[in-house]
Amino acid sequence: MSLSRRDFLIRSGLVAGGLMANGLWSRALVRKAFADIGDRFLVSIFLDGGNDGLNTVVPVANGSFANFRTSYEILRRSGPGGLRLSETLLTPYAVAADPNTNTPLALHPGLEGLHRLYQLGKVAVVQGCGYPEYNLSHAVSRTIWETASRAAMGPGWLGRYLASRYGASDIPALSVGYWMAGELRQQTTSVLTSIRLSELEFPLDNWYPDDDPAKKVAFQAVYGEAQASSQPLLRFLGNSGQATLTATQAYPGLDDLYAADRASWLQQYNDLDSGTARRLREIAKVIYGVHQGVPDVGARHFALANGGYDTHANQGTVGTNQAHYELHREVGDALEAFYHDLDDMGVADKVLVMVWSEFSRRPQQNDNGTDHGSQGPVFLIGGKVNGGVYGNHPNISDSRVLNPGATWDDGNTKYSQDNSDPHRSTDFRDVYGAILKHWLQIPQTEILSSLLTPDVGDPNFYWTLPNFDFVHPGNGQPLFLP
């Protein structure tokens, strides 16, 4: 098990001991040395609106014993308003075949940048991720994914992990957006929320900026009093307030640091001129700051979202002004720039990116798009990811799906954990569990006792048998390489 910098400092007593008190932390070489110790980063990217998984990981031909391509052609129309992606368009973006049916697969052509990362072996495509009794409401299904609870209640799944490892004096996460990402929510530690690090200010009062120094002194006094209180709630407010005040003075400086040291990479993000690129650019600034040992920069977990996937009748196929293509192009190109930026920093092996959506789209095309659906693909990207295709392609060849009037599971592919079925689904909580166990290195017993709660019921239809140990179907190695 690798040792995080936080664990190392705590175990060695250096936090309470002489490192800080003796001023050694002010020395650049000391900061850099500690920045290189075992920390890992996690980035969650939410595709808001229900990404069409069947037009994201697409069957190019039929497999050994599955006619997925034939079924795809039946379900998706060609011609004006049709969503069908031709084999000619897909062939340049081929990925490994479906592990269970040997069906040749390809990514949507809009994911050209992501496909280049796939060819480098840095992308895992986890197919058919879902959960039992799918909820087709955007808000409810999103909350189910965020909380890892089919009841759509409670703190976020990453938030529970943060609460188990960090306290009120820590700020271990940054949500890049106008509000905090649901997966990071909890009540024990703090999460910064900002669109741009340069705008992260406290106290924020653009009308009277001359008062800022006096306000900071006043807030520090208030927080100091609260930190000394015997009441737990006041101590929490004091600790979290002081941590936030400190962070808002440390993080904006990352903007200038990154601009000075990594100007060409900054230009690459800016040239993409997209919301996803800008948000990943802010995360890259934090990771670079951590790597350089900038004091009081402690975020290791990040979340952002890209909206617009509720495409319905405007989805389109491939090319400029085609909605799904433009959305995929934005995310794929931004991810490619982000990965190579991290690689150039020398930290690509320390960063894992997870891309997910609240649900997919129904196989059967309606109008010029598709309606809310069930299971879809999750992408995992990083230097330690064992790239390839995992899980099962959705069973679109089932006669109950191919029927134009299908009412089976609301016209969706049926979710099932039945391992005797070649089209077994991947429960999204298995993906979370794999990340917690193998990336964040949390014991499985702890995960199942306090972070992820298995379902109760028939194991063929509910998540009662967790599988956190994904193995590459081709090389037999684990999902995350040592």
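Remember, it's a predicted structure, so these values are computed and weren't measured experimentally.
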Criterion side-chain contact (heavy atoms from CB on, under 4.5 Å) on Y288 and D261, from CA distance to verdict: CA-CA 10 Å; Y288 183 65; D261 291 1; 2.8 Å; yes
Full working for side chain to side chain donor-acceptor pair (under 3.5 Å) between Q375 and T413: CA-CA 8 Å; Q375 55 192 304; T413 49; 3.0 Å; yes
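In this pair, H108 and H324 present their aromatic rings perpendicular. The plane angle is above 60°, beyond the 30 to 60° band. Using bins of under 30°, 30° to 60° and over 60° for the plane-to-plane angle, the ring pair H301/Y166 lands in the perpendicular bin.
Note that CG of L54 and OG of S360 are 7.0 Å apart. Values are rounded to the nearest 0.5 Å. Separation of atoms CZ (F338) and OG1 (T276) is listed at 12.0 Å; rounding is to 0.5 Å. Note that the CG atom of L304 and the CG atom of L280 stand 5.5 Å from one another [nearest 0.5 Å]. Annotation: the span from L107 atom CG to R116 atom CZ amounts to 12.0 Å, rounded to 0.5 Å.
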What side-chain donor-acceptor pairs closer than 3.5 Å can you find for residues 220-233, not counting sequence neighbours?
unit_1: Q227; atom_1: NE2; unit_2: N239; atom_2: OD1; d: 2.9
unit_1: S229; atom_1: OG; unit_2: Q231; atom_2: N; d: 3.0

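Ring centroid separation for the pair Y131 and W463 does not come in under the 6.0 Å cut-off. With ring centers used as reference points, F359 lies under 6.0 Å from H138. Proximity of the aromatic rings of F428 and W145 is defined here by a centroid distance below 6.0 angstrom, and this criterion is met. Ring-centre distance between Y390 and H472: below the 6.0 Å cut-off.
The pair E446-R165 meets the salt-bridge criterion, since a charged nitrogen lies less than 4.0 angstrom from a carboxylate oxygen. Between E282 and K285, at least one side-chain nitrogen of the basic residue sits less than 4.0 Å from a carboxylate oxygen of the acidic one, meeting the salt-bridge criterion. Note on D418 versus R424: no salt bridge recorded, every NZ/NE/NH1/NH2 to OD/OE distance being 4.0 Å or above.
Shown are N55, D52, N51, D333; of these, the side chain to side chain contact (heavy atoms under 4.5 Å, CB included) with H328 is made only by N51. If you run side-chain hydrogen bond (donor to acceptor under 3.5 Å, both in side chains) between Y462 and each of R150, Q417, E133, only E133 comes through. The one candidate from D341, D344, N270 that meets the side-chain hydrogen bond (donor to acceptor under 3.5 Å, both in side chains) condition with W265 is D344.
Between P478 and D469 the shortest side-chain heavy-atom distance does not fall below 4.5 Å. Counting heavy atoms from C-beta outward, Y134 and H372 have side chains that stay 4.5 Å or more apart. V191 places a side-chain heavy atom less than 4.5 Å from the side chain of Q186. Between H438 and Q444, the closest side-chain pair of non-hydrogen atoms is not below 4.5 Å. Put simply, the side chain of L117 reaches to within 4.5 Å of the side chain of L120, judged on heavy atoms.
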